[in-house]
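Okay, so here's the structure we're looking at.
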Amino acid sequence: MCDKCGKRPATTIIRKNINGKYSEYALCAECAAEEQIFSDFRELVPAFFSLPEWEGARETVCPFCGATAREVRRTGRAGCAQCYKTFDYLFDPYIERIHGDVNHAGTVPASADEEITRRKRIRELREELREAVEKEEYEKAATLRDELRALEKKENEAKEAE
Amino acid sequence: MSETYRDIAVESRVRLSRNLKNYPFPARLGAKRAEEIVEKLKVKAEKEGLAVRVYRDQDKEELRALAEEEIGSADFTASKLPRALFTGSDTVVMVNEADHVRIQAVTEGLSLEESYEKAKKLDAAILGDEEIAFDERLGYVTSSPTGLGTALRASVTLHLPALGESGRIDRVMLDADRLGVIIRGYLGEGSSAMGGLYTVTNRTTLGISEEEILKRIGEVAQKLIEKERELRAKGLSQNEIRLTDRVRRAAAILKNAYAIGYNETMLLLSDYRMGVSLGLVEGDYGKMNGLIRAVQPSVIWNGSAEKTELAREHHRAEVVTAALA
Ligand SMILES: [Zn+2]
Ligand SMILES: [Zn+2]
């Protein structure tokens, strides 16, 4: 008999890995199918295909990973981080429906922290450099320019890598 | 949170999803780059003392075993990519599942902060030197938009037989949903929970901080625990003889059975556990938590030399009586 509903005969043995420990259930076909869906939060989100059709109808392709709009629509998933920008017209309304109209409010990884700090420093340096030139402090300006160039180079490298 | 409510809270689990910058997600990654990720993270895992298992498409034998085992992670099973499992005593890291890295930590009782600390430590140890896919607006970028932001799932498994039997759990489920919190049967759905076990999980991950998620899940869990305790106390005062009889019978069967099915075991464990919390019988929460897993059909299947149903039921009874002796 099915371990879940207790009503229908069990036809499938399902093994689950919960934190490295295995559990096995004998389930009927219906409950087994349900268990599959329930395993991954996918039941919690509205159907992806209900998204408004994009009017352009031309197939967009992600320049970084090669995912197509059709694939994104079918799977409801991004092929890479860039996909969220490439297919923002698909993802943004979806994200808003799941999470609300919000921005990230949690922690920042160490690597991204560096980037955000760098961008801030570049803005500061540009301002300081402008002031130094205005005040005709050329020696200071030269030092600032060197630091700024080095950071901008890093920034461009990071952009190219993206 | 100092009190861990072990009478009702079984375990607290935290899951973090992470992706490496400059690599497509596993679905579009390709074997060569997947192998690259496995190789570099493997080194870190070994340094951390985790047990490392690497799977590749060509390992037909292991793949077959995996297909049976990993239904909880269809992506991991169905994948043809090189991928890996790193396991510690209370942590599991999955490499190249739906996302490059998925870190899970679990602790007993209501102790989400502790689980989170463990997951965070592992995150730093394995991914501290890596560039992580991150966006200022979307947070940690995950393959599924459902997990963006903190990419954190926090869940607490609770034993709520009184709430379940009272039918009030459905109402609570609706209220929780408005907070972005989901309550569902540990095995099963809605109010049809196996052995009175329910799981409380966050639905949203974006626009909310890690601390806030843990706090919210913790608060909902605590409310449920208080309600459950209240209902149990009420049940006890109104019907002490019946309730004591039920609990003692459960204990007696669990300690003396010679062959027992899975469903019956879970029902009796539920009664027994409740009896222990009300002081009606003696018992140890750690042992009972362990039994929830140990009596599961797969574990019994593996441990039983003969595979007939009766042999398995007999083996299950041995496991239960030994644990509760
Ligand atoms: Zn069934
Ligand atoms: Zn892409």
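Throughout, a chain's letter reflects where its sequence line sits, starting with A, and its residues are numbered from 1.
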- Is chain A contacted by the side chain of B:Glu136, its backbone, both, or neither, given a heavy-atom distance below 4.5 Å? both
- Query: Does the side chain of A:His104 come within less than 4.5 Å of B:Asp135's, by heavy atoms?
  - Reply: no
- Query: Is the count of non-hydrogen atoms from other residues, nucleotides or ligands lying under 6.0 Å from A:Glu139 atom CD greater than 12?
  - Reply: no
- What's the verdict on salt bridge (Lys or Arg N to Asp or Glu O under 4.0 Å) for B:Arg137 and A:Asp92, showing C-alpha distance, side-chain angles and the deciding distance? CA-CA 11 Å; B:Arg137 178 173 72 100; A:Asp92 283 350; 3.1 Å; yes
- Is there a side-chain contact between B:Leu148 and A:Ile95, using heavy atoms and a 4.5 Å cut-off? yes
- Message: I'd like to know if the side chain of B:Arg28 reaches the main chain of A:Cys65, judged simply by a donor and an acceptor atom lying under 3.5 Å from each other, with no hydrogens or angles considered.
- Response: yes
- Does CZ belonging to A:Arg70 count more than 12 external heavy atoms closer than 6.0 Å? no
- Query: Can you check whether B:Leu206's main-chain N or O pairs, donor with acceptor, with A:His99's side chain at less than 3.5 Å?
  - Reply: yes
- Message: Using a 4.5 angstrom heavy-atom cutoff, name the option from A:Ala110, A:Cys62, A:Gly66 with the most pairs to chain B.
- Response: A:Gly66
- Message: For a quick test of reading the model, state the closest non-hydrogen atom pair linking B:Ser209 to A:Ala105 and the distance between them.
- Response: CB-O, 3.4 Å
- Item | Atom group of B:Ile208 that falls short of 4.5 Å from chain A, counting heavy atoms | backbone
- Query: Can B:Tyr140 and A:Thr107 be said to form a side-chain contact (heavy atoms from CB on, under 4.5 Å), step by step?
  - Reply: CA-CA 9 Å; B:Tyr140 287 94; A:Thr107 58; 3.7 Å; yes
- Are A:Tyr84 and B:Val141 close enough that some pair of their side-chain heavy atoms sits under 4.5 Å apart? yes
- Query: Quick one: OG1 on B:Thr205 to CD1 on A:Ile98, what's the gap to the nearest 0.5 Å?
  - Reply: 8.0 Å
- Item | Over 12 foreign heavy atoms within 6.0 Å of NZ, B:Lys40 | yes
- The reported gap from CZ in A:Arg77 to OG in B:Ser144 (rounded to nearest 0.5 angstrom) is 5.5 Å
- Message: With a sphere of 6.0 Å drawn around CD of B:Glu309, does it hold more than 12 non-hydrogen atoms of other residues, nucleotides or ligands?
- Response: no
- Measure distances from B:Asn19 to the heavy atoms of chain A and classify the residue's part below 4.5 Å as side chain, backbone, both or neither. neither
